[in-house]
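What's counted below: heavy atoms across the whole structure, side chains too, no hydrogens, waters or symmetry copies.
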Amino acid sequence: MHQRVALVHDWLEAPGGGEDVLSALLELFPAAPVFTLVDFLTPSERRRLGPAAIRTSPLQHLPGARSWFRYAAALFPSLVERFDVSAYDVVVSVSHAVAKGVRKRAGQTHICFCNSPARFAWAMAHTYRDRVASTPGWRAGLAERVQARFREWDLAASRDVDHFVANSNHIAAEIRRCYGRDAHVIYPPVDVARFAREASSEREGYVTVTRFVPYKRVDLVIEAFRRLPTRRLTIVGDGPERARLARNLPPNVALAGRLDDDATARAVGRARAFVFAACEDFGIAPLEAQAAGTPVIAYGRGGVGETIRGLDDARPTGVLFDEQSSDAIVDAVLRFEATTIAADDCRRNAERFSRQRFRDEFAAHFTTILS
């Protein structure tokens with residue numbers, strides 16, 4: 001791989017699946033700079049990116065940007081278009097929002113690893129609009145206009161991508177629906193070894209690891225465990241919805257905040273099961289749980305249908321529920337407690353998604369594209 005490569009990422013705010021993809025790509029392209037709107041990772045979180053040169057937008061330097069930058073979403077397209085990547089032969093974007101919109105020069109190749117078409121404007125448009133509608137009415141109308149304008153920009157940006165790579169068959173179908181483009185599927189990398197090290201034979205309570213954003217539906221998980229007062233739930237993570245959700249928390253639910261990699265793995269490895277209510281594009285967190293031998297209780301739509309084997313399988317790794325509601329989660333927890341899921345089956349399933357497998361598949365696809 002002798003081409004000069006630039007990597008473009010939406011933003012670096014907290015560790016997640018997109019950041020795992022970026023980390024693995026930096027192992028393939030260690031000399032590549034990373035262009036991203038903002039970088040608010042802590043030094044320990046940034047270590048997974050190695051010595052990469054991080055180049056941010058002017059948004060990075062505005063006072064208090066960490067707390068409000070998401071509300072400047074209308075500016076994101078113009079900011080990502082200002083990145084100068086003209087010195088590179090290949091641009092690889094890791095996008096769930098705007099990274100795919102980076103401008104390229106003639107003769108460059110742009111490969112987009114798409115975690116999802118922007119949820120707030122496409123698949124989850126109604127969810128985000130309804131959340132805004134709970135505030136003064138004029139904001140809902142403004143949100144709808146912003147979403148429509150963004151979809152127009154996003155569709156135009158997708159036409160400048162030379163090759164789409166989707167993180168699941170589910171997202172490949174979304175790329176076809178939203179952009180009218182085909183995508184090659186490469187599943188994201190999972191740090192199987194880190195979570196396997198923290199597997200425990202003594203397990204109690206339930207856990208979830210998540211970002212506090214609307215589509216994750218943390219509210220439904222909390223409400224379900226309010227109705228299961230003898231079961232404990234630990235929620236690892238942070239995000240803009242945390243303050244709202246913390247206002248009426250039942251005593252059996254604990255917000256652990258953002259933990260480092262090892263502490264997160266320990267929390268997952270010692271839990272009885274991992275609970276997940278999002279319609280996820282792929283879902284690295286449920287696979288990390290399986291790597292620790294921890295079964296998953298998950299909403300059965302989206303990418304998890306490709307990564308979790310339900311109770312109808314001879315060797316199940318989790319319990320899937322078919323409705324995003326607290327009722328469905330309560331029922332799934334009770335069904336889980338009435339069955340037995342082997343930790344070894346969970347671990348073996350997760351091993352299919354290792355970091356080495358991702359690097360090998362992406363390198364092979366990269367070579368095919370440029371040959």
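Contact between Val333 and Tyr206 at its shortest, heavy atoms only, is CG1-OH, 3.7 Å. Taking both residues in full, the closest heavy atoms of Val80 and Ala99 are given as CG2-CA, 4.1 Å, listed atom of the first, atom of the second, then distance. Across Val5 and Ala32, no two heavy atoms sit closer than the pair O-CB, 3.2 Å. Val192 and Ser354 make their closest contact through CG2-CA, 4.3 Å (heavy atoms, listed as atom of the first residue, atom of the second, distance). Heavy-atom minimum distance, Val207 versus Ala271: CG1-CB, 3.4 Å. Nearest heavy-atom pair, Asp360 versus Gln356, reported as atom, atom and distance to 0.1 Å: OD1-NE2, 2.7 Å.
Checked by atom type and distance alone, the side chain of Thr42 pairs as donor or acceptor with a backbone atom of Glu45 at under 3.5 Å. Looking at Glu198, its side chain never comes within 3.5 Å of a backbone N or O of Arg270 through a donor-acceptor pair. Within the 3.5 Å criterion, the main-chain N or O of Val90 finds no donor-acceptor partner in the side chain of Thr109. In terms of modelled atom types and a separation under 3.5 Å, the side chain of Ser93 and the main chain of Val8 share no donor-acceptor contact. Between the side chain of Ser23 and the main chain of Glu19, no donor-acceptor pair closer than 3.5 Å is present. A donor-acceptor pair under 3.5 Å links the side-chain atoms of Thr264 to the main chain of Asp260, judged by distance alone. Side chain of Asp10 to main chain of Val98: a donor-acceptor pair is present (N/O by atom type, distance under 3.5 Å, no hydrogens or angles). Although no hydrogens or angles enter the test, the distance criterion places no donor-acceptor pair under 3.5 Å between the side chain of Glu280 and the main chain of Pro286.
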Run the side-chain contact (heavy atoms from CB on, under 4.5 Å) check on Leu26 and Leu7 step by step: do they pass?
CA-CA 8 Å; Leu26 282 165; Leu7 299 174; 3.6 Å; yes
Apply side-chain contact (heavy atoms from CB on, under 4.5 Å) to the pair Arg194 and Asp262, showing each step before the final yes or no.
CA-CA 8 Å; Arg194 173 163 61 92; Asp262 291 338; 4.1 Å; yes
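Val38 and Phe120 fall within a single hydrophobic cluster, where Ile, Leu, Val, Met, Phe, Trp and Tyr side chains are chained together by heavy-atom contacts under 4.5 Å. Note on Phe321 and Val218: same hydrophobic cluster, where clusters join Ile, Leu, Val, Met, Phe, Trp and Tyr whose side-chain heavy atoms are under 4.5 Å apart, directly or indirectly. By the criterion of side-chain heavy atoms lying less than 4.5 angstrom apart, applied directly or through intervening Ile, Leu, Val, Met, Phe, Trp or Tyr residues, Val21 is grouped together with Phe29 in one hydrophobic cluster. Linking Ile, Leu, Val, Met, Phe, Trp and Tyr whenever their side-chain heavy atoms come within less than 4.5 Å leaves Val221 and Ile284 in two separate clusters.
A donor atom on one side chain and an acceptor atom on the other are found under 3.5 Å apart for Asp84 and Ser86. Side chains of Glu174 and Tyr179: no donor on one and acceptor on the other come within 3.5 Å.
Using a 4.0 Å cut-off between a side-chain N of Lys or Arg and a carboxylate O of Asp or Glu, Arg348 and Asp345 qualify as a salt bridge. The pair Arg211-Glu241 fails the salt-bridge criterion, with no side-chain N (NZ, NE, NH1 or NH2) lying under 4.0 Å from an Asp/Glu carboxylate O. Classification of Arg149 and Glu152 as a salt-bridged pair fails, no side-chain N sitting under 4.0 Å from a carboxylate O. For the pair Arg335 and Asp331, the salt-bridge criterion is met [side-chain N within less than 4.0 Å of a carboxylate O]. Ion pairing between a basic and an acidic side chain is recognised when a charged N comes within 4.0 Å of a carboxylate O; Arg315 and Asp344 show no such pairing.
Taken from CD1 in Ile235 to OG1 in Thr210, the straight-line distance is 8.5 Å, to the nearest 0.5 Å. Atoms CZ and CG, from Arg309 and Asn349 in turn, are 4.5 Å apart once rounded to the nearest 0.5 Å. Here Asn115 contributes atom CG and Lys100 contributes atom NZ; the two are 10.0 Å apart, rounded to the nearest 0.5 Å. A distance of 4.0 Å separates CD1 of Ile111 from CD1 of Ile369, quoted to the nearest 0.5 Å. Atom CZ of Phe274 sits about 11.0 Å away from atom CD1 of Ile297, to the nearest 0.5 Å. Within the model, atoms CG of Asp39 and CZ of Arg46 stand 4.0 Å from one another, a figure rounded to the nearest 0.5 Å.
Sorted by first and then second residue, the pairs that involve residues 104-118 and meet salt bridge (charged side-chain N to carboxylate O under 4.0 Å, His left out), not counting sequence neighbours, are Lys104-Asp162. Legend: ring-ring contact (aromatic ring centres under 6.0 Å, His included) pairs involving residues 98-117, not counting sequence neighbours, sorted by first then second residue: Phe113-Phe358. Sorted by first and then second residue, the side-chain hydrogen bond (donor to acceptor under 3.5 Å, both in side chains) pairs involving residues 48-74 (not counting sequence neighbours) are Glu13-Arg70, Asp20-Arg48, Arg48-Asp261, Arg55-Tyr88.
Classified by interplanar angle (parallel below 30°, tilted 30° to 60°, perpendicular above 60°), the ring pair His365/His163 is perpendicular.
Applying the salt bridge (Lys or Arg N to Asp or Glu O under 4.0 Å) criterion to Arg47, with sequence neighbours excluded, gives no partner residue. For His9, there are no ring pair (Phe, Tyr, Trp, His ring centres under 6.0 Å) partners, not counting sequence neighbours. The side chain to side chain contact (heavy atoms under 4.5 Å, CB included) search around Asn169 returns Val185, Tyr187, Glu306, not counting sequence neighbours. Among residues two or more places apart in sequence or in another chain, the ring pair (Phe, Tyr, Trp, His ring centres under 6.0 Å) test is passed with Phe69 by Trp11, Phe40. Residues that satisfy the salt bridge (Lys or Arg N to Asp or Glu O under 4.0 Å) test with Arg176, not counting sequence neighbours, are Asp182. Contacts of Phe35 classified as ring pair (Phe, Tyr, Trp, His ring centres under 6.0 Å), with partners at least two apart in sequence or in another chain: Phe83. Applying the ring pair (Phe, Tyr, Trp, His ring centres under 6.0 Å) rule to Phe195 yields no partners; only residues at least two apart in sequence or on another chain are considered. Glu361 pairs by the salt bridge (Lys or Arg N to Asp or Glu O under 4.0 Å) definition with Arg357, not counting sequence neighbours.
The side-chain contact (heavy atoms from CB on, under 4.5 Å) test with Val34 is passed by exactly one of Leu25, Val94, Leu49, Leu22: Leu22.
By the 6.0 Å and 45° rule, Arg181 does not stack over the aromatic ring of Phe164.
When side chains are defined from C-beta on, Ile329 does not count as touching Glu223, because their heavy atoms never get closer than 4.5 Å. Side-chain contact check for Arg103 versus Arg82: every heavy-atom pair is 4.5 Å or farther apart.
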Would you tabulate the side-chain donor-acceptor contacts of residues 245-254 under 3.5 Å, counting partners in other chains and residues two or more places apart, or write 'none'?
residue: Asn252; atom: ND2; partner: Phe225; partner atom: O; Å: 2.8
residue: Asn252; atom: ND2; partner: Leu228; partner atom: O; Å: 3.1
residue: Asn252; atom: ND2; partner: Arg231; partner atom: O; Å: 2.7

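No more than 12 heavy atoms of other residues, nucleotides or ligands lie within 6.0 Å of CZ in Arg301, so this atom counts as exposed by the packing criterion.
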